[in-house]
Protein chains: 2
Amino acid sequence: MDQNSLPPIQTTARDDAVLKALVGFVRAEALQPGERLPTERILAERLKVSRNTVREALTRWEGLGLVERRQGSGTYLKAAVSPDMLHMPLTLAGGNDFTSLMHTLEIRRALEAEAAALCAERASPADIAEIERKLDIMEQAFRTRDGMSSEEDWEFHQAIYRVSGNPLFEQIIAAMHELFHRFWEHPLGVRDFGHASFPYHRTIYQCIAARDPQGARAEALKLIATVEDDLKRGAAKLKLPSQT
Amino acid sequence: MDQNSLPPIQTTARDDAVLKALVGFVRAEALQPGERLPTERILAERLKVSRNTVREALTRWEGLGLVERRQGSGTYLKAAVSPDMLHMPLTLAGGNDFTSLMHTLEIRRALEAEAAALCAERASPADIAEIERKLDIMEQAFRTRDGMSSEEDWEFHQAIYRVSGNPLFEQIIAAMHELFHRFWEHPLGVRDFGHASFPYHRTIYQCIAARDPQGARAEALKLIATVEDDLKRGAAKLKLPSQT
DNA sequence: GTGCAGAAATTGGTTGGACCATTGGACCAC
DNA sequence: GTGGTCCAATGGTCCAACCAATTTCTGCAC
């Protein structure tokens, strides 16, 4: 590690300066997502600030999803950083009621359709192969575990978001995914939850492989529609309140 | 083995607990945005945690825009909080390059299309009348000011988001709108920026009035497509870098 | 009483040092 | 190999100060 890439900082606005210095460091060292950055103690020493200040700065980055801290292990880069990043922290007054869940699904439907369409436009042969691989894994898991393939299912969708070439898709949907799963852990009493959506994964893939954006968009819409139907059936069964 | 049957164990989550307690406090005291919440020292004492831990928690809230800290004065609530907020920190790399702008536009295209479709499904006669009113105002402004109708244009779209019945559309797009306008104030040197999109506002309205979700979706896609074209022309003129 | 300058208290920001809990590797007995 | 134990490294928490900005109070001049 080049020690000159971590010069001491100068004035007030300490933690901002720490982050700025850290951006410079990441670029100087060409750190990639997944790599570990220096320990808090080293950063504090090099930047001539207290470790608490370093921690406040890293806490902000962690909140933005730029970094992940693992106790006993280190702090790891989670996304690419650049000097002119724009942060748009969006907090939605979501609820645990059925209505809010449907609202998130409507957003997901919009993004899923667009991502699939963009994916069909832009996928390289290697991308298509990668998506097919995820699809095979998912279908395999679906058959052997009789429908419980949520993890593999999610990876399939993530692959599509990535190939869409627009990182915002993954960021937004990942945030909603977490909310969704607070509810989804127990499939709302619907035994075969998600079964209906299964075939559409392959049809989406086929449209992508055939470079058919409109088709991919349409199939993605159908997929989410089946999830919405499942959700409605589950809500009806549980007599879930439709309002908070 | 079902991976879900062995979730990661939850050990320590001090600052999360602090935030949870703080949510409870805000609700118990019915604090409104703008009001001051207890000092860090008091929070630390009451919650039986160190002040550092309180600060890390507040730093996270500050990063999310929920709270504002003023040295010497106090910490003030900036937005309403609820126990089940959904946090969506979006960071887009490279603020003013063409690629990032296109990324935000792709998200907007997805949401705009879906909002228009939902709007066509759900609009009441009163809603339709309201949208038409906004449309008339926009068209009037467009004609008298020769294309400079961004404010009225925005209100027309907002009306559609509202009628869609899903508040998330407006929240997400509003956040991106602000971001977008930091660079959009000057229409990238394209003199008639936005002109091409003008007729589609009325066609979208007509589809909504005719309760035609598919048509509304298609027209919304066309509208954004014209904006994308304008943007590309502007980028070509300015020789804007397509990468960071 | 009023107005205002300066002192004092309040509050977030920073520091340095200490200890705890977890992680992951090294090492060892089996 | 396998399974333990130990140990150093690292993030998480705590404490007790002090600094810097702000607010509030005090007391004096008028």
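So that the names make sense, note that chain A is the first sequence line, chain B the second, and so on, each numbered from 1. This one's a predicted model, so the numbers in the text were calculated from it and none came from an experiment.
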Without placing hydrogens or testing angles, list every side-chain donor-acceptor pair under 3.5 Å for residues 23-37 of chain B, not counting sequence neighbours.
unit_1	atom_1	unit_2	atom_2	d
B:Gln32	NE2	B:Ala30	O	3.4
B:Glu35	OE2	B:Gln32	N	2.9
B:Arg36	NH1	B:Ser73	O	3.0

Residues B:Ile42, B:Arg51; criterion side chain to side chain contact (heavy atoms under 4.5 Å, CB included); working and verdict: CA-CA 9 Å; B:Ile42 292 184; B:Arg51 197 178 145 216; over 6 Å; no
With A:Gln158 via side chain to side chain contact (heavy atoms under 4.5 Å, CB included) - residues at least two apart: A:Trp154, A:Glu155, A:Tyr161, A:Arg162, A:Glu170
Neighbours of DNA chain D within residues 17-26 of chain B, by heavy-atom distance under 4.0 Å: none
Interatomic distance where OH belongs to B:Tyr76 and P belongs to D:dA21 [whole Å]: 17 Å
Between C:dG13 (C1') and A:Asp15 (CG): distance, integer Å: 9 Å
I'd like a list of close polar pairs between nucleotides 6-10 of chain D and the protein, N/O only, cut-off under 3.5 Å.
unit_1	atom_1	unit_2	atom_2	d
D:dT10	OP1	A:Arg36	NH2	3.1
D:dT10	O2	A:Gly72	N	3.1

Nucleic acid contacts - residues 52-67 of chain A versus DNA chain C, non-hydrogen atoms under 4.0 Å: A:Asn52, A:Thr53
Whole angstrom value for the distance that separates C1' of D:dC15 from CZ of B:Arg51: 12 Å
Pairing of A:Glu130 and A:Arg133 as salt bridge, 4.0 angstrom limit: yes
B:Arg70 to B:Tyr76, cation-pi by 6.0 Å centre distance and 45° axis angle: yes
A:Asp153 bridged to A:Lys134 by N-O distance under 4.0 Å: no
Pair B:Glu40 + B:Arg69: basic N to acidic O under 4.0 Å: yes
Spatial distance of atom CE (A:Met88) from atom OG1 (B:Thr104) [nearest 0.5 Å]: 8.5 Å
Spacing of A:Arg69 atom CZ relative to C:dT22 atom C1', expressed in whole Å: 15 Å
Distance, rounded to the nearest Å, where A:Asp16 contributes CG and C:dG13 contributes C1': 13 Å
Atom-to-atom span, NZ of B:Lys48 to P of D:dT13 - whole angstrom: 18 Å
Check: B:Asp15 side chain, B:Thr53 main-chain N or O, donor-acceptor pair, under 3.5 Å: no
Where at least one partner belongs to residues 117-128 of chain A, residue pairs that pass salt bridge (Lys or Arg N to Asp or Glu O under 4.0 Å), sequence neighbours excluded: A:Arg122-B:Glu106
Trace of the side chain to side chain contact (heavy atoms under 4.5 Å, CB included) decision for A:Leu58 with A:Glu62: CA-CA 6 Å; A:Leu58 287 179; A:Glu62 189 182 29; over 6 Å; no
